[in-house]
Asks: 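My structure is below; once you've seen it, I'll send some questions.
Heavy-atom basis, side chains included; hydrogens, waters and symmetry copies ignored. Model, not experiment: these values are computed from the prediction.
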Amino acid sequence: MIRVVKIGGNVIDDEQILSRFLDLFVQLPSPKVLVHGGGKLATRLCEQLGIKTQMIDGRRVTDKNTLDVVTMVYAGLVNKHIVAQLQTRGQKAIGLSGADANLIPAHRRSPIPVDYGFVGDIVAEEVNADFLQSLLQQGIVPVVCPLTHDGKGSMLNSNADGVASAVAIAASRIDETQLVYCFEKQGVLSDIENEDSVIPHIDAISFEQLKTDGVISKGMLPKISSSMKAVESGVGSVVIKHADNLLNTIGTTIVK
């Protein structure tokens with residue numbers, strides 16, 4: 001089984017939490033892939049450089065200056081830090097963006113009705129599964145950042161949850177695959193104030209109801225949507241859980 005694990009900003013931004021997660025990740029049987037988000041470092045660096053961060057409906061607008069910053073931060077600082085930390089734990093790893101070996105080509109999102117700038121939408125079928133397989137067969141752990149490319153020389157900023165879903169779908173063409181989203185909560189909660197209110201299973205019907213009821217909203221929406229797409233496209237299972245629970249069964253499982 002191939003395991004594709006995605007970590008978000010709340011793991012990346014706290015060195016102790018990240019270190020604890022990586023201690024667990026190296027214990028996870030191979031083959032495996034690690035996908036990471038960008039964390040808050042890009043936003044802080046933009047502020048230091050006087051680049052205004054513009055958000056529309058909770059999504060970052062990526063103009064040319066912002067693209068330069070996220071490329072430096074995601075593919076450079078964050079990605080190589082994680083790779084270096086894995087090496088110290090005896091894990092042979094390689095850091096990748098979507099442009100490397102044409103791993104994740106994407107299409108720049110239409111400016112209509114909203115222009116998000118250099119933002120890429122991924123077609124999972126276009127992910128380079130052969131390259132992924134060659135690395136996994138060598139015992140190498142790909143560490144993938146949320147940058148894709150348009151095939152015309154431009155990098156694109158893509159949603160990290162979508163990147164993880166697309167990589168997992170590609171991996172499912174190689175072998176049975178599990179996708180795991182790790183973040184700061186125990187799972188998808190029915191009551192955001194109650195860590196024990198983990199919803200054990202979510203399917204397409206309950207997802208719609210949870211959206212209507214406002215239980216699932218904002219940043220959780222793309223995560224669940226990406227999870228649904230994954231299980232509908234051949235990924236065996238998707239689990240959303242706390243980063244500290246990587247090796248146990250606590251969390252929310254997304255099913256068809």
Asks: With side chain to side chain contact (heavy atoms under 4.5 Å, CB included) as the criterion, how do Q209 and D213 come out once you've worked through the C-alpha distance, each side chain's angles and the decisive distance to 0.1 Å?
Replies: CA-CA 6 Å; Q209 188 61 52; D213 295 342; 2.9 Å; yes
Asks: Okay, side chain of S197, backbone of L189: is any donor-acceptor separation there less than 3.5 Å?
Replies: no
Asks: Restricting to non-hydrogen atoms, name the atom on T53 and the atom on C46 that form the minimum distance, rounded to 0.1 Å.
Replies: OG1-CB, 4.1 Å
Asks: Can you tell if the side chain of L136 reaches within under 4.5 Å of the side chain of Q133, non-hydrogen atoms only?
Replies: no
Asks: Of N79, I7, V144, which is the lone residue that meets side chain to side chain contact (heavy atoms under 4.5 Å, CB included) with L34?
Replies: I7
Asks: Mind running side chain to side chain donor-acceptor pair (under 3.5 Å) on R89 and Q85 for me, showing each step along the way?
Replies: CA-CA 7 Å; R89 292 165 170 81; Q85 289 296 312; 3.2 Å; yes
Asks: Closest approach of V238 and S227, non-hydrogen atoms and distance?
Replies: CG1-OG, 3.4 Å
Asks: Does R108 make a cation-pi contact with F118 (under 6.0 Å, within 45 degrees of the axis)?
Replies: yes
Asks: Are the side chain of T252 and the backbone N or O of V188 linked by a donor-acceptor pair below 3.5 Å?
Replies: yes
Asks: Kindly say whether M1 contributes a backbone atom to a donor-acceptor pair with the side chain of Q178 at under 3.5 angstrom?
Replies: no
Asks: Flag the pair L135 / V33 as yes when at least one side-chain heavy-atom distance between them is below 4.5 Å, and no otherwise.
Replies: no
Asks: What pair of heavy atoms forms the shortest contact from P146 to H36, and how long is it?
Replies: CD-O, 3.0 Å
Asks: Examine I174 and L96 and state if one hydrophobic cluster contains both, with Ile, Leu, Val, Met, Phe, Trp and Tyr joined whenever side-chain heavy atoms are less than 4.5 Å apart.
Replies: yes
Asks: Is there a donor-acceptor pair under 3.5 Å between the side chain of D100 and the backbone N or O of S97?
Replies: yes
Asks: Has the side chain of S165 got a donor or acceptor atom that lies under 3.5 Å from a matching backbone atom of D161?
Replies: no
Asks: Is there a path of hydrophobic side-chain contacts, each under 4.5 Å between heavy atoms, that joins V235 and I240?
Replies: yes
Asks: Find out if a path of hydrophobic residues (ILVMFWY) with successive side-chain heavy-atom gaps under 4.5 Å connects V239 to V35.
Replies: no
Asks: Does any N or O in the side chain of D23 come within less than 3.5 Å of the main-chain N or O of V26, such that one atom is a donor and the other an acceptor?
Replies: no
Asks: Apply the test side chain to side chain contact (heavy atoms under 4.5 Å, CB included) to residues L221 and I216: give CA-CA distance (whole Å), side-chain angles for both, the deciding distance (0.1 Å), then the verdict.
Replies: CA-CA 6 Å; L221 280 172; I216 294 176; 3.8 Å; yes
Asks: Rounded to the nearest 0.5 Å, how far apart are NE2 of H242 and CD1 of I17?
Replies: 6.5 Å
Asks: Heavy atoms, side chains only, cut-off 4.5 Å: are K185 and M220 in contact?
Replies: no
Asks: Side chain of S226, backbone of K223: donor and acceptor closer than 3.5 Å?
Replies: no
Asks: Taking the side chain as C-beta and beyond, is there a heavy-atom pair between K241 and N248 under 4.5 Å?
Replies: yes
Asks: Check for me, please, whether V70 and V163 land in the same ILVMFWY cluster - side-chain distances under 4.5 Å, paths through other members count.
Replies: no
Asks: Give the C-alpha distance, both sets of side-chain angles, the deciding distance and a yes or no for side chain to side chain donor-acceptor pair (under 3.5 Å) between R173 and S233.
Replies: CA-CA 10 Å; R173 304 201 298 268; S233 303; over 6 Å; no
Asks: Would one find more than 12 heavy atoms of other residues, nucleotides or ligands at under 6.0 Å from atom CD of Q138?
Replies: yes
Asks: Linking I/L/V/M/F/W/Y whenever any side-chain heavy atoms sit under 4.5 Å apart, do V141 and Y74 land together?
Replies: yes
Asks: Using a strict threshold of under 4.0 Å (side-chain N to carboxylate O), is an ion pair present between K256 and E232?
Replies: no
Asks: Would K211 and E208 pass as an ion pair if we require N to O under 4.0 Å?
Replies: yes
Asks: Heavy atoms only: give me the nearest V143-A93 pair and the separation to one decimal.
Replies: CG2-CB, 4.1 Å
Asks: Could you check whether any side-chain heavy atom of I169 comes within less than 4.5 Å of a side-chain heavy atom of V127, counting everything from C-beta outward?
Replies: no
Asks: Could you check whether any side-chain heavy atom of I51 comes within less than 4.5 Å of a side-chain heavy atom of T66, counting everything from C-beta outward?
Replies: yes
Asks: How long is the straight-line distance from OG of S134 back to CD1 of I140, given to the nearest 0.5 Å?
Replies: 8.0 Å
Asks: To the nearest 0.5 Å, what is the distance between CG (L246) and CG (L24)?
Replies: 6.0 Å
Asks: Does atom CD1 of I205 have more than 12 heavy-atom neighbours from other groups under 6.0 Å away?
Replies: no
Asks: One pair to check against side chain to side chain contact (heavy atoms under 4.5 Å, CB included): H107 and L156. What are the steps and the verdict?
Replies: CA-CA 8 Å; H107 307 274; L156 297 170; over 6 Å; no
Asks: How far does CE of M228 sit from OG of S225, to the nearest 0.5 angstrom?
Replies: 8.5 Å
Asks: Looking only at atom types and distance, does a side-chain atom of D13 sit under 3.5 Å from a main-chain N or O of K40, one as donor and one as acceptor?
Replies: yes
Asks: Closest approach of S158 and T148, non-hydrogen atoms and distance?
Replies: OG-OG1, 2.8 Å
Asks: If you take all heavy atoms of G37 and I12, which pair is closest and at what distance?
Replies: O-CD1, 3.2 Å
Asks: With no hydrogens and no angle check, is any side-chain donor or acceptor of S206 less than 3.5 Å from a backbone partner on A204?
Replies: no
Asks: Kindly determine whether L86 and F25 satisfy side chain to side chain contact (heavy atoms under 4.5 Å, CB included), including the steps that lead there.
Replies: CA-CA 9 Å; L86 286 173; F25 181 77; 3.9 Å; yes
Asks: Please report the interatomic distance OG1(T71) to CG(L147), rounded to the nearest 0.5 Å.
Replies: 5.0 Å
Asks: Indicate yes or no: at least one non-hydrogen side-chain atom of N102 is less than 4.5 angstrom from one of H149.
Replies: yes
Asks: Between T177 and A171 (side chain of the first, backbone of the second, donor and acceptor by atom type, cut-off under 3.5 Å), is there such a pair?
Replies: yes
Asks: Is there a side-chain contact between L18 and H81, using heavy atoms and a 4.5 Å cut-off?
Replies: yes
Asks: Drop me the distance from Q54's CD to T62's OG1, to the nearest 0.5 angstrom.
Replies: 10.0 Å
